[in-house]
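A quick write-up on the structure given underneath.
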2 protein chains.
Amino acid sequence: MTACSVRLQIFLQLQAVNKELCSKFEACLGASPSRVEILHYLLEHEEVTQSALQKEVNIDAAAVTRHLKQLEAAGTIVRYKKAEDQRATWVKLEDEAKRHIEQSYQEKSQFVKETLAGFSEAELEQFLQMLSKVSENVSRVTKIELGGEDI
Amino acid sequence: MTACSVRLQIFLQLQAVNKELCSKFEACLGASPSRVEILHYLLEHEEVTQSALQKEVNIDAAAVTRHLKQLEAAGTIVRYKKAEDQRATWVKLEDEAKRHIEQSYQEKSQFVKETLAGFSEAELEQFLQMLSKVSENVSRVTKIELGGEDI
DNA sequence: CATCAATAGTTGATAGGTCAATAATATACT
DNA sequence: AGTATATTATTGACCTATCAACTATTGATG
């Protein structure tokens with residue numbers, strides 16, 4: 001194995017962890033993180049427009065449309081327009097679906113808890129701050145100037 | 001916005017960061033992290049079998065096959081069999097490609113460095129350890145027992 | 001040696017994401 | 001009022017990953 005700097009290892013580990021996390025999550029919950037996010041948001045927000053939902057789950061509007069069409073076809077949600085604004089599509093959970101989704105809340109909580117087992121509250125805070133810092137850094141990066149020293 | 005526990009925020013932030021990171025990475029380097037991993041591994045390993053490569057980059061064998069076919073079609077790599085084992089396919093960079101990939105090494109280094117700006121060496125170590133711990137936790141999770149307290 | 005199992009790679013179906021183009025509606029501005 | 005611009009959602013083309021099924025080859029074992 002190549003000798004890697006800590007930075008590079010972090011970069012790789014971040015991606016590896018995320019992948020494992022998503023695939024395990026789906027195996028445990030029976031739906032992808034995005035799908036679960038959508039459903040949980042709907043559980044907490046009675047009705048919502050697609051665009052608001054899209055901002056929340058942070059995936060492309062096209063992907064949201066496709067998720068919602070599937071959920072509608074499965075009878076999990078209803079979609080409808082309102083007189084005020086004929087552009088917006090509102091989304092709402094079907095009553096029968098709510099109970100099932102409430103249960104998945106528990107599973108998600110438990111999942112998240114187990115993946116972060118062994119961290120003290122202080123460490124969790126710190127971890128979150130680190131992730132936030134990376135996020136800020138990433139959004140600042142635009143185009144790489146070459147010639148930086150090797151990492 | 002919903003009140004979220006720290007744990008849940010971490011979970012969401014982890015995914016968000018990863019997504020931004022991948023998309024910014026591709027914008028800066030002109031290829032996805034997976035693709036760049038493959039090329040960089042090949043730069044360091046003269047020749048390698050697909051299965052060895054696949055273990056390294058940690059994506060599905062099918063995805064590796066497709067990447068390599070594209071790279072071969074683009075003239076970046078060559079693929080060949082050896083007498084010893086007619087199953088294995090060996091992969092090697094074309095000479096002309098090496099120079100270009102060496103340059104992208106610099107870009108990647110710089111990118112990684114910038115995304116981790118503002119961290120002390122001690123913090124980086126700690127960050128890596130935290131990611132590793134999450135990774136271990138994830139691999140331990142198999143099936144969620146319901147009824148855990150809310151997070 | 002013949003068969004059975006393991007390994008390597010490929011392919012097709014599917015999933016879920018992106019972007020770009022488009023349609024319909026609402027809003028803002030002379 | 002009429003036109004330009006915004007917003008909202010949808011669609012199509014594409015990309016990259018997964019899994020399952022398959023082929024070809026090699027190795028192991030009765």
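Numbered from 1 within each chain, the chains take letters A, B, ... in sequence-line order. Below, all heavy atoms of this structure are taken into account, side chains as well, without hydrogens, waters or symmetry copies. All values reported here derive from a predicted model rather than from experimental measurement.
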| Comparing A:Glu84 and B:Ala88 on DNA chain C - which has the more 5′ nearest nucleotide |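 Upstream on the strand: B:Ala88.
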
| message | Taking side-chain hydrogen bond (donor to acceptor under 3.5 Å, both in side chains) as the definition, give me every residue that meets it alongside A:Lys19, ordered by chain and number, with sequence neighbours left out. | response |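 For A:Lys19 there are no side-chain hydrogen bond (donor to acceptor under 3.5 Å, both in side chains) partners, ignoring immediate neighbours.
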
| field | Residues in side-chain hydrogen bond (donor to acceptor under 3.5 Å, both in side chains) contact with B:Gln15, at least two apart in sequence or another chain | value |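 With neighbours one apart ignored, the set is empty.
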
When the distance from [atom1] of [X] to [atom2] of [N] is rounded to whole Å, what number comes out?
| X | N | atom1 | atom2 | answer |
| --- | --- | --- | --- | --- |
| A:Gln15 | D:dT16 | CD | P | 15 Å |
| A:Glu20 | D:dA17 | CD | P | 16 Å |
| B:Lys81 | C:dT10 | NZ | P | 7 Å |
| A:Trp90 | D:dT7 | CH2 | P | 17 Å |
| A:Glu72 | D:dT10 | CD | C1' | 13 Å |

| task | Name the orientation of the base relative to the sugar in C:dA21: syn if the glycosidic angle is within 90° of 0, else anti. | result |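 Judged by the O4'-C1' to base torsion, C:dA21 sits in anti, the angle falling more than 90° away from 0.
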
| said: Do B:Glu44 and B:Tyr105 have side chains that approach each other closer than 4.5 Å (heavy atoms only, starting at C-beta)? | reply: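 Yes, their side chains come closer than 4.5 Å.
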
| task | State, with a plain yes or no, whether a side-chain heavy atom of B:Thr65 is found less than 4.5 Å away from one of B:Asp60. | result |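 No, their side chains stay 4.5 Å or more apart.
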
| request: Please list, chain by chain and in numerical order, all residues satisfying ring-ring contact (aromatic ring centres under 6.0 Å, His included) with B:Phe11, sequence neighbours excluded. | output: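 With sequence neighbours excluded, B:Phe11 shows a ring-ring contact (aromatic ring centres under 6.0 Å, His included) to A:Phe25, given in chain and number order.
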
Side-chain N,O ([X]) to OP1/OP2 ([N]) below 4.0 Å:
| X | N | result |
| --- | --- | --- |
| B:Thr49 | C:dA8 | no |
| B:Gln50 | C:dT10 | yes |
| A:Lys69 | D:dA9 | no |

| Reading 5' to 3' through nucleotides 15-25 of chain C, protein heavy-atom contacts under 4.0 Å coded B for base, S for sugar-phosphate only, - for none | --SBB-----B

| What does B:Thr65 touch in the nucleic acid at a heavy-atom separation under 4.0 angstrom: a base, only the sugar-phosphate, or nothing? |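 Base contact.
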
| field | Summary of salt bridge (Lys or Arg N to Asp or Glu O under 4.0 Å) pairs that have at least one residue in residues 115-124 of chain B, sequence neighbours excluded | value |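 Residue pairs passing salt bridge (Lys or Arg N to Asp or Glu O under 4.0 Å), neighbours aside: A:Arg7-B:Glu121.
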
| request: Tell which nucleotide pairs with C:dT25, taking only Watson-Crick or G-U wobble pairs whose two distances are both under 3.5 angstrom. | output: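 Pairing partner, where one exists within any strand: none, as none qualifies.
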
| Base-pairing mate for D:dC14 - Watson-Crick or G-U, with both contacts under 3.5 Å |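 Across any shown strand, D:dC14 pairs with C:dG17.
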
| Pairs in or reaching into residues 47-74 of chain B: which pass ring pair (Phe, Tyr, Trp, His ring centres under 6.0 Å), with residues at least two apart or in two chains? |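 Qualifying pairs: none.
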
